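Keep in mind it's a predicted model, so treat the numbers as computed, not measured.
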Amino acid sequence: MWSFPERAPRIGWLGWLPAVALAVACSSVTTGCRSEPAPPPNVVLITIDTLRADRTSPYGYAKSATPNLQELADEGIVFERAYANTSWTLPSLSSVMSGRYPSEHGVRSWQDSLPEEEETIAELLRAKGYRTAAIVGSYPLDRVFGLAQGFDHYDDEMTTAMIEGDGEPRPTAAEPTPASRASWLLRREAGDAFRPDAVVTDRAIEWLRGDSGEPYFLWVHYFGPHERGKRPDLTGAAREEFLAHQVEIYDRYVEETDRQVGRFLDALRADPRYPRTLVVLHSDHGQSLQEHGMFGHGFDLFETTVHVPLIARLPGGRRAGERVGGLVRNLDIFATVTELAGVRGDRPTAARDLLDSDRDESDHVYLETHHLLGLTAKKVEVDGVERRVGRILRGIRTRDTKLVANQPRQVPGQDGGELPDAMVREDTRTSIYDLRRDPGEINGNAPRPEQSRADLEALLERYDDGSSQRATKQLDESARERLRSLGYEP
């Protein structure tokens with residue numbers, strides 16, 4: 001119902017005609033009265049490597065200070081149950097950039113590179129007229145692995161060793177072996193493996209201040225609390241002491257990264273383009289800190305390594321302070337960014353827009369990690385022939401239950417065919433966890449889970465198990481040499 005102030009001047013009905021006529025005219029798409037459409041938003045993606053959700057203030061952690069992450073959370077939406085679909089960097093961020101599972105984009109090991117036919121966020125936004133830039137903080141994101149596609153500026157210069165070693169990588173043998181691969185990985189980590197978070201912030205601010213155009217997409221990747229100072233030669237008590245120190249210092253690394261993220265966010269907020277900017281902060285995976293007797297990531301699918309922080313600050317500060325409790329995935333970042341920017345790719349993706357209020361809550365997330373390198377494979381005898389056998393972990397995480405299948409898989413490139421089906425069945429182990437009663441995932445044989453084992457196994461069957469993994473991009477000799485210079489064997 002219309003209402004007017006009591007003392008409003010009286011206007012005869014003829015006096016309203018010009019305004020009514022204007023309103024009617026401006027409702028027509030054939031007139032020029034409509035306001036101009038809003039410009040596409042700027043997009044900033046902040047990735048903090050190896051950051052557990054439960055070690056940050058927005059997710060209730062009080063033992064260390066992450067005030068800058070908290071401030072961003074207060075400005076945006078916190079997704080409380082966000083999951084990486086795998087627990088190590090390269091395949092996880094390949095999924096973020098493509099919106100597709102590893103079984104679709106094919107990146108599952110260090111021997112893989114994101115194929116050129118994949119459509120990345122950067123490619124789609126650049127085609128829309130965006131300026132695109134990335135500043136990455138560690139060698140797993142070197143351009144040789146395919147994540148640079150679509151970026152006008154891709155800064156992947158590393159400066160700092162990960163482990164103690166004997167200097168720069170050297171040319172590799174023509175025929176690599178598992179031992180030479182391990183040696184090269186160690187030498188690479190002893191060379192230029194990452195760069196400090198402060199340097200990443202410096203480079204990001206430098207790019208931001210040097211680019212005044214709109215719209216733009218800026219990806220800033222921090223090495224974050226990733227373990228460093230590795231000592232692969234340690235054994236016994238010395239190794240236990242080293243790991244205890246790594247666990248102890250994890251929170252300090254998180255605090256330092258928070259300071260550097262805060263410094264970057266301060267520069268971002270001072271930029272006049274900030275009100276029109278989408279900021280998404282997340283992690284590629286978490287970190288086991290001696291839970292289940294393990295330290296590191298990539299080797300399991302426990303909550304410690306796949307539950308990640310995910311915060312989205314929307315243009316104009318819309319929906320500030322909101323918390324979303326449904327299951328979401330890192331790869332949903334793809335659809336969220338492209339939907340907001342108004343771009344569409346040609347390839348189907350699994351990603352769903354995080355900001356779509358009409359979307360149904362996901363009833364599960366799919367998880368996987370592959371251990372098919374010489375570093376993790378074991379030697380077994382099959383029909384009198386020695387084979388190298390690794391493992392694939394595949395999982396389904398619902399709201400209150402998780403199933404993980406641990407399956408043996410032969411390392412590719414060996415003679416003799418695949419492993420016998422009987423051996424695979426006999427050596428496959430399946431665990432099921434009741435996450436309401438057992439949040440620490442101690443009992444892998446939950447007696448009364450929320451969902452039955454049969455239901456979860458049926459969900460798992462929807463996803464590619466890796467037995468028919470499609471071929472990834474074939475690297476030319478130049479690309480292979482670059483991989484070798486990094487310490488990897490293509």
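- In this structure, the side chain of R397 engages the main chain of R399 through a donor-acceptor pair within 3.5 Å.
- Residues that satisfy the salt bridge (Lys or Arg N to Asp or Glu O under 4.0 Å) test with R318, not counting sequence neighbours, are absent from this structure.
- Note on ring orientation: taking the six-membered ring where Trp is involved, the planes of Y463 and Y366 are parallel (angle under 30°, cut-offs 30° and 60°).
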(request) Let me see the working for K402 and E303 under salt bridge (charged side-chain N to carboxylate O under 4.0 Å, His left out), right down to the final yes or no. (result) CA-CA 10 Å; K402 182 189 288 183; E303 294 290 286; 2.8 Å; yes
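- Within the 4.5 Å cutoff, the side chain of H226 has no heavy atoms near those of the Y253 side chain.
- For S288, the side-chain hydrogen bond (donor to acceptor under 3.5 Å, both in side chains) partners at least two apart in sequence or on another chain are D300, T304.
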(request) Please lay out, stage by stage, how Y222 and T201 fare under the test side chain to side chain donor-acceptor pair (under 3.5 Å). (result) CA-CA 8 Å; Y222 290 95; T201 292; 2.7 Å; yes
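- A donor-acceptor contact closer than 3.5 angstrom links the side chains of Q451 and T398.
- Atom CD of E214 and atom OH of Y130 lie 9.5 Å apart (nearest 0.5 Å).
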Please report, to 0.1 Å, the donor-acceptor pairs under 3.5 Å made by any side chain of residues 309-316, with sequence neighbours excluded.
| from | atom 1 | to | atom 2 | distance (Å) |
| --- | --- | --- | --- | --- |
| R313 | NE | Y274 | OH | 3.2 |
| R313 | NH1 | Y274 | O | 3.3 |
| R313 | NH1 | T277 | O | 2.7 |

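- For the atom pair CG (D258) and OG1 (T66), the distance works out to 5.0 Å, reported to the nearest 0.5 Å.
- By the salt bridge (Lys or Arg N to Asp or Glu O under 4.0 Å) test, R126 pairs with D152, sequence neighbours left out.
- Q70 places no side-chain N or O within 3.5 Å of a backbone atom of T56 that could act as its donor or acceptor partner.
- Judged as a side-chain contact (heavy atoms from CB on, under 4.5 Å), and not counting sequence neighbours, the contacts of D202 are R263.
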(message) Quick one, E118 with Q149, criterion side chain to side chain donor-acceptor pair (under 3.5 Å). Give me CA distance, side-chain angles, the key distance, then yes/no.
(response) CA-CA 9 Å; E118 292 294 333; Q149 57 196 49; over 6 Å; no
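- The ring-ring contact (aromatic ring centres under 6.0 Å, His included) check on H292 picks up F302, with sequence neighbours excluded.
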(message) Working note: S452 + E457, criterion side chain to side chain contact (heavy atoms under 4.5 Å, CB included); need CA distance, chi angles, decisive distance, verdict.
(response) CA-CA 9 Å; S452 72; E457 288 176 342; over 6 Å; no
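- Judged purely by distance below 3.5 Å, without hydrogens or angles, the side chains of D284 and T47 never pair a donor atom with an acceptor atom.
- Residue pairs meeting the salt bridge (Lys or Arg N to Asp or Glu O under 4.0 Å) criterion with at least one member in residues 289-298, sequence neighbours excluded: R52-E291.
- L403 places a side-chain heavy atom less than 4.5 Å from the side chain of R453.
- Within the 4.5 Å cutoff, the side chain of I48 has heavy atoms near those of the P225 side chain.
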(request) Determine, stepwise, if the pair R131 / D211 fulfils salt bridge (charged side-chain N to carboxylate O under 4.0 Å, His left out). (result) CA-CA 9 Å; R131 293 170 172 83; D211 184 279; 3.3 Å; yes
(message) Please determine whether side chain to side chain contact (heavy atoms under 4.5 Å, CB included) holds for the pair R319 and L355, giving the CA-CA distance in whole Å, both sets of side-chain angles, and the decisive distance to 0.1 Å.
(response) CA-CA 10 Å; R319 299 174 63 179; L355 307 178; 4.0 Å; yes
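- Going from atom OH of Y216 over to atom CG of N42 covers 4.5 Å, rounded to the nearest 0.5 Å.
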(message) Does L141 form a side chain to side chain contact (heavy atoms under 4.5 Å, CB included) with L93? I'd like the steps, not just the answer.
(response) CA-CA 9 Å; L141 302 180; L93 291 176; 3.7 Å; yes
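- Residues T120 and L147 are not in side-chain contact: their nearest non-hydrogen atoms beyond the backbone lie 4.5 Å or more apart.
- Atom NE2 of H282 and atom CZ of R329 lie 15.0 Å apart (nearest 0.5 Å).
- Within the 3.5 Å criterion, the main-chain N or O of E368 finds a donor-acceptor partner in the side chain of T86.
- The CG atom of L367 sits 8.5 Å away from atom OG of S87, with the distance rounded to the nearest 0.5 Å.
- Around the CZ atom of R448, the shell of radius 6.0 Å holds no more than 12 heavy atoms that belong to other residues, nucleotides or ligands.
- Judged purely by atom type and a 3.5 angstrom limit, H297 has no side-chain atom pairing as donor or acceptor with the backbone of W88.
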(message) Let's go through W219 and V136 carefully: what are the C-alpha distance in whole Å and the side-chain angles of both, what is the deciding distance for side chain to side chain contact (heavy atoms under 4.5 Å, CB included) to 0.1 Å, and is it a yes or a no?
(response) CA-CA 8 Å; W219 178 27; V136 299; 4.1 Å; yes
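- Within the 4.5 Å cutoff, side-chain heavy atoms of R391 are placed close to those of R429.
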(request) Verify side chain to side chain donor-acceptor pair (under 3.5 Å) between S95 and H105, making sure each step is shown before the conclusion. (result) CA-CA 8 Å; S95 289; H105 59 61; 2.9 Å; yes
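- With salt bridges taken as basic N to acidic carboxylate O contacts below 4.0 Å, none links E119 and R347.
- Rounding to the nearest 0.5 Å places CD1 of I333 at 12.0 Å from CG of D353.
- In this structure, the side chains of D155 and W207 stay at 4.5 Å or more apart for every pair of heavy atoms.
- Counting only distance, with no hydrogens or angles, the side chain of S283 and the backbone of A53 share no donor-acceptor pair below 3.5 Å.
- The closest side-chain heavy-atom distance from V337 to L45 is not below 4.5 Å.
- Summarising the geometry of G137 relative to H221, their closest heavy-atom pair is N-ND1, 2.9 Å, with the distance given to 0.1 Å.
- Contacts of Y83 classified as ring-ring contact (aromatic ring centres under 6.0 Å, His included), with partners at least two apart in sequence or in another chain: H307.
- Side chain of S64 to main chain of E255: no donor-acceptor pair is present (N/O by atom type, distance under 3.5 Å, no hydrogens or angles).
- The only option from N85, D49, N330 that meets the side-chain hydrogen bond (donor to acceptor under 3.5 Å, both in side chains) definition with H285 turns out to be D49.
- Listed by chain and number, the residues in a salt bridge (Lys or Arg N to Asp or Glu O under 4.0 Å) with R259 are E256 (sequence neighbours excluded).
- Applying the ring-ring contact (aromatic ring centres under 6.0 Å, His included) rule to Y59 yields no partners; only residues at least two apart in sequence or on another chain are considered.
- Annotation: salt bridge (Lys or Arg N to Asp or Glu O under 4.0 Å) contacts of R239 (sequence neighbours excluded): none.
- Counting heavy atoms from C-beta outward, S103 and R108 have side chains that approach closer than 4.5 Å.
- For the ring-ring contact (aromatic ring centres under 6.0 Å, His included) test, residues two or more places apart in sequence or in another chain that qualify with F151 are Y154, F217.
- Environment of CD in E240: crowded, with over 12 heavy atoms of neighbouring residues, nucleotides or ligands closer than 6.0 Å.
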